Amino acid sequence: MPQLQRLAVTATQICDRKIDLTREQQHYLNRVLRLQAGDRFIAMDGRGHWWLAVLEAQEIGLIASIAEEIAVNRELPVEVTLMAALPKGNGFDEVVRQATELGVASIVPVTSDRTLLKPSDQKVERWRRIAAEAAEQSERQIVPTILEPVSFDVAVKDCGQKYRFICVARGDNRHLWDCLAGFAPPQFRAGTGAPPLQRGEQDGRELSIVIAIGPEGGWTEGEVKRASELDFEPVSLGSRILRAVTAPIVALSLVGAVFEKC
């Protein structure tokens, strides 16, 4: 199949193998991508489904018909939640974009003791649009869930993932790589030759990870202590001090290196 443009749609737009395109989507396909009636593109619902779609012109504007479903497997075989303290400025835009490209399943924006940013509803909607665009660009099957911002204490208390890590810049904590490689079963590890399981499956049990990344200046000692009391393991990302927007990339790259087949 030739390289086709991708478009994220919602499940509510699909009915009787037709896709009801919004005005913004029609403009994007027709004016930006220069697609015409009869041209094909890939529609993705952000929940794991891809379809080959064909543009059609009607009096009300452009719609799309579904020609066939496309079977793809582009997701990590582990469900990863990024719990990230909000950096200053627009740094979280890049965190969302790059974490999406690296396979994150959900992102929890966190306000911490050292957080300066107080995000508005418009910011959250912007992050969700960025996630959708990044999922299209990186050919993801799902669009990561961007949750509403919460305080650090609420985030760690409500955490439901089995494996929990909080990244700490200094100290003699175990490296995240060693932690991941220690519990990853052989069929998940890169280069084993074993067929990959479906995302989130571990011998019938869900394999889920949460990684907490701090703001500029890192987590406070009190935050690390409170997280540790809730079964978060303090881990290291290496000997260098990383920026708040760099650390998530390193952490998620390590997840991919351990769990994706080379």
Side-chain angles (χ1 to χ4, degrees), residues 75-87 95 98-99 101-110 112-115 144 150-192 194 196-197 199-203 205-262:
E75 296 301 313
L76 289 173
V78 57
E79 188 171 281
V80 185
T81 295
L82 174 65
M83 189 182 294
L86 293 166
V95 171
Q98 293 169 3
E101 293 178 11
L102 290 167
V104 76
S106 59
I107 300 176
V108 184
V110 171
S112 68
D113 292 344
R114 289 175 173 151
T115 297
V150 295
S151 69
F152 173 81
D153 287 336
V154 169
V156 295
K157 181 180 178 181
D158 291 347
C159 177
Q161 284 74 18
K162 180 177 180 180
Y163 297 100
R164 308 173 183 186
F165 304 103
I166 181 167
C167 297
V168 181
R170 293 179 173 86
D172 57 355
N173 300 301
R174 284 205 301 163
H175 198 285
L176 179 59
W177 170 273
D178 296 324
C179 298
L180 296 173
F183 72 75
Q187 63 266 41
F188 278 107
R189 294 176 188 157
T192 63
L197 300 183
R199 183 178 64 87
E201 293 181 353
Q202 180 189 5
D203 299 331
R205 302 184 304 276
E206 183 169 322
L207 179 56
S208 57
I209 300 171
V210 61
I211 302 175
I213 304 287
E216 288 88 351
W219 302 112
T220 64
E221 290 185 7
E223 288 169 331
V224 175
K225 182 176 183 295
R226 296 197 296 275
S228 299
E229 291 170 350
L230 293 169
D231 297 326
F232 278 76
E233 179 179 353
V235 295
S236 168
L237 294 178
S239 57
R240 288 160 299 284
I241 304 302
L242 304 175
R243 294 190 303 142
V245 296
T246 307
I249 303 171
V250 173
L252 292 169
S253 296
L254 290 170
V255 174
V258 172
F259 287 93
E260 283 197 298
K261 181 181 178 182
C262 295

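What you see is a predicted model; the values in this text were computed from it and never measured.
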Discussion item. Applying side chain to side chain donor-acceptor pair (under 3.5 Å), can you list everything that pairs with R226, at least two apart in sequence or on another chain?
Written reply: D153
Worksheet entry | For N173, all residues meeting side chain to side chain donor-acceptor pair (under 3.5 Å), sequence neighbours excluded | none
Discussion item. With a sphere of 6.0 Å drawn around CG of D172, does it hold more than 12 non-hydrogen atoms of other residues, nucleotides or ligands?
Written reply: no
Worksheet item: Do M83 and V156 pass the side chain to side chain contact (heavy atoms under 4.5 Å, CB included) test, and can you show the C-alpha distance, the side-chain angles, and the key distance before you say yes or no?
Response: CA-CA 9 Å; M83 189 182 294; V156 295; 4.0 Å; yes
Hey, does [Y] have a side-chain heavy atom less than 4.5 Å from the side chain of [X]?
{"X": "V80", "Y": "F259", "value": "no"}
{"X": "V110", "Y": "T115", "value": "no"}
{"X": "F232", "Y": "V224", "value": "no"}

Discussion item. Applying side chain to side chain contact (heavy atoms under 4.5 Å, CB included), can you list everything that pairs with Q161, at least two apart in sequence or on another chain?
Written reply: T81, C159, S208, V210
Worksheet, complete the sentence: By side chain to side chain contact (heavy atoms under 4.5 Å, CB included), L176 pairs with (sequence neighbours left out) F165, L180, I211, V235, L237, A251, L254
Worksheet item: Between atom CD of Q98 and atom CG of L252, what is the distance when rounded to the nearest 0.5 Å?
Response: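 CG of L252 is found 10.0 Å from CD of Q98.
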Fill in: Verdict with reasoning, F152 to I166, per side chain to side chain contact (heavy atoms under 4.5 Å, CB included)
CA-CA 12 Å; F152 173 81; I166 181 167; 4.1 Å; yes
Worksheet entry | Pairs flagged by side chain to side chain donor-acceptor pair (under 3.5 Å) wherever residues 230-244 is involved - sequence neighbours left out |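 Sorted result for residues 230-244: R174-E233.
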Item to complete: Write out all pairs satisfying side chain to side chain donor-acceptor pair (under 3.5 Å) with one or both partners inside residues 210-225, taking only residues at least two apart or from two chains.
Response: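 Pairs touching residues 210-225 that pass the test: D113-T220, T220-E223, K225-E229.
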Minimum heavy-atom distance between [X] and [Y], given as atom pair plus value:
{"X": "E79", "Y": "A105", "result": "CG-CB, 3.6 Å"}
{"X": "L242", "Y": "A247", "result": "CD1-CA, 4.0 Å"}
{"X": "A244", "Y": "I213", "result": "O-CG2, 4.2 Å"}
{"X": "E260", "Y": "P77", "result": "CG-CD, 4.3 Å"}

